[in-house]
Structures are given as structure tokens and as C-alpha cells.
Amino acid sequence: VVAAATGAAFGRLFLGPASARTLAVAGLAAVGVAALLQRRHLAVALGGAALGLVLTAGILVFPRTTVAGLPTLETIRAAARALTSVGQEAGEQFTPAVPLPSLFTASLIAVWCAASAAHALAVRSGTVILALLPPAGLLLFASSLAADGPRFGYALVFLLGALGVLLGSGMRSIAAW
């Protein structure tokens, strides 16, 4: 829920509701990949997260460059081209912005990394409070950039999700006694 709320809140920086849905799904996918690999060696988990990000970017941002949904060398080239122009295009766009490949790729990476970091902090290090900081920071960043400022609904969903994470962690601690 926290990852989806963060993705949706960040997606509102773009025109149309499709971007918010897409980034929410990407946040959930990042947590799903992290959950699948949580008991693996850290290097395997990081490699899996990177592969998941490339797959997700290929499917969601550069679908014409994939073969049967799998990224190709052209997918990597398209992502690299998009990321080289993100700084310039970010300076030229105002929110809500057109979901240009460069801006959307950078947003997808931000949401993916925040969700993956949150899962790693919660599960691997056991610091649930710290796990809420990456998505909270991204949510606050998006709220500061949005033309209409912070929205109560996104904050409420995020806080309810955070409460669920804290409750789940507490229940796990009680079960360990």
C-alpha cells in the first residue's frame, strides 16, 4: 500500500491518470520482486531488482523495443537516450507534465528504488521506521512539485499503509516472544 500510494502520488506530476496508475503498479512490482528475493544473498536480490526494473521499464515505457515483453539491446539504448535528456526536459516542463519517456523513466526509477529500499530496510535490517523514509521522501517531493500542492487522499493512504507496516512489524515481534 505504501509503495502504491507513493507511485500514485508521484504519478500525479504527469498529465492524465494513467501515469499515476502505472507508477503505482511499478511500486507494487518492486515490492513483489523484493519479497520474492528477500531470503537470497544481497547481491542476488540487488541483481534481481535491477533486472526487474529493466523489465518493468521495457514493458511500461519502451514497449516497442521489447520482444514478447522482454527488453532488448534497443530497450537499453532507448532508456539511455531518455536519461541523457532528463535534466534538460525537467527544466522545461511544468507540472502536470507530459509523460515524456525521459521524465517517466526517471520517475519509474525513483519509485522502484524507493519501494525496493523500503522493503530492504523493513525486512533485511528490521528498521521499520526507517523503511518508511524513502517512500515518504518521494511522496513529499512530489507534493512539493505538484501544481496543486499536497493532497489529503494520498497522505491518508500512505499513512494507513505505514500504520499497517508498523502493525505488521509489531505483530511479528510479538510472535517471536
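The model shown is predicted, which means the values in this text are computed figures rather than measured ones.
The cluster map of Ile, Leu, Val, Met, Phe, Trp and Tyr, joined by side-chain heavy atoms under 4.5 Å apart, puts V111 and L108 in the same cluster. Clustering ILVMFWY residues whenever any of their side-chain heavy atoms sit less than 4.5 angstrom apart, transitively, puts V44 in a cluster other than the one holding V33. I59 and I109 fall within the same hydrophobic cluster, where Ile, Leu, Val, Met, Phe, Trp and Tyr residues are linked whenever their side-chain heavy atoms come under 4.5 Å apart, directly or through other members. Linking Ile, Leu, Val, Met, Phe, Trp and Tyr whenever their side-chain heavy atoms come within less than 4.5 Å leaves V165 and V31 in two separate clusters.
A donor-acceptor pair under 3.5 Å is absent between the side-chain atoms of W112 and the main chain of A50, judged by distance alone. No donor-acceptor distance shorter than 3.5 angstrom exists from the side chain of T75 to the backbone of G58, with no hydrogens or angles considered. Distance alone, capped at 3.5 Å, is enough to place a donor-acceptor pair between the T72 side chain and the T65 backbone.
Proximity of L55 to P71: side-chain heavy atoms (C-beta onward) are separated by under 4.5 Å at one or more points. A 4.5 Å side-chain heavy-atom check between V61 and P99 finds every atom pair outside the cut-off.
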- Task: May I have the step-by-step check of side-chain contact (heavy atoms from CB on, under 4.5 Å) for F158 and V2, ending in yes or no?
- Result: CA-CA 5 Å; F158 176 83; V2 170; 3.4 Å; yes
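With rounding to the nearest 0.5 Å, the separation of OG in S143 from CG in L13 is 8.5 Å. Taken to the nearest 0.5 Å, the OG1 atom of T66 stands 10.5 Å off from the CG atom of L60. The structure places CG of L145 at 11.0 Å from CG of L140, a figure rounded to the nearest 0.5 Å. To the nearest 0.5 angstrom, L46 atom CG is 9.0 Å from S116 atom OG. R12 CZ to L23 CG: the interatomic distance, rounded to the nearest 0.5 Å, is 13.0 Å. Here T105 contributes atom OG1 and L100 contributes atom CG; the two are 10.0 Å apart, rounded to the nearest 0.5 Å.
Taking every heavy atom of both residues into account, V1 and G161 meet most closely at CG1-CA, 3.8 Å. The minimum heavy-atom distance linking V128 with L166 is given by the pair CG1-CD2, 3.6 Å. Contact detail for V157 and A5: the closest heavy-atom pair is CG1-CB, 3.7 Å. Counting all heavy atoms, side chain and backbone alike, L138 lies closest to A114 at CD2-CB, 3.9 Å. Heavy atoms only, all atoms of each residue included: L37 and A49 are closest at CD1-N, 4.3 Å.
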Atom pairs and distances, donor-acceptor, side-chain atoms in residues 76-88, under 3.5 Å, two or more places apart:
{"residue": "R81", "atom": "NH2", "partner": "E74", "partner atom": "OE2", "Å": "3.0"}
{"residue": "T84", "atom": "OG1", "partner": "R81", "partner atom": "O", "Å": "2.7"}
{"residue": "S85", "atom": "OG", "partner": "A82", "partner atom": "O", "Å": "3.2"}
{"residue": "Q88", "atom": "NE2", "partner": "E92", "partner atom": "OE2", "Å": "3.2"}

Let me have the donor-acceptor pairs involving side chains of residues 15-22, under 3.5 Å, with sequence neighbours excluded, atom names and distances please.
{"residue": "T22", "atom": "OG1", "partner": "A18", "partner atom": "O", "Å": "2.7"}

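Counting only residues at least two apart or on different chains, the ring pair (Phe, Tyr, Trp, His ring centres under 6.0 Å) pairs with a member in residues 78-110 are F14-F104. Pairs engaging residues 24-47 under the side-chain hydrogen bond (donor to acceptor under 3.5 Å, both in side chains) rule: Q38-H119 [sequence neighbours left out].
A118 is linked by a side-chain contact (heavy atoms from CB on, under 4.5 Å) to P135, counting only residues two or more places apart in sequence or in another chain. By the side-chain contact (heavy atoms from CB on, under 4.5 Å) test, A162 is found to be paired with L132, residues two or more places apart in sequence or in another chain being considered.
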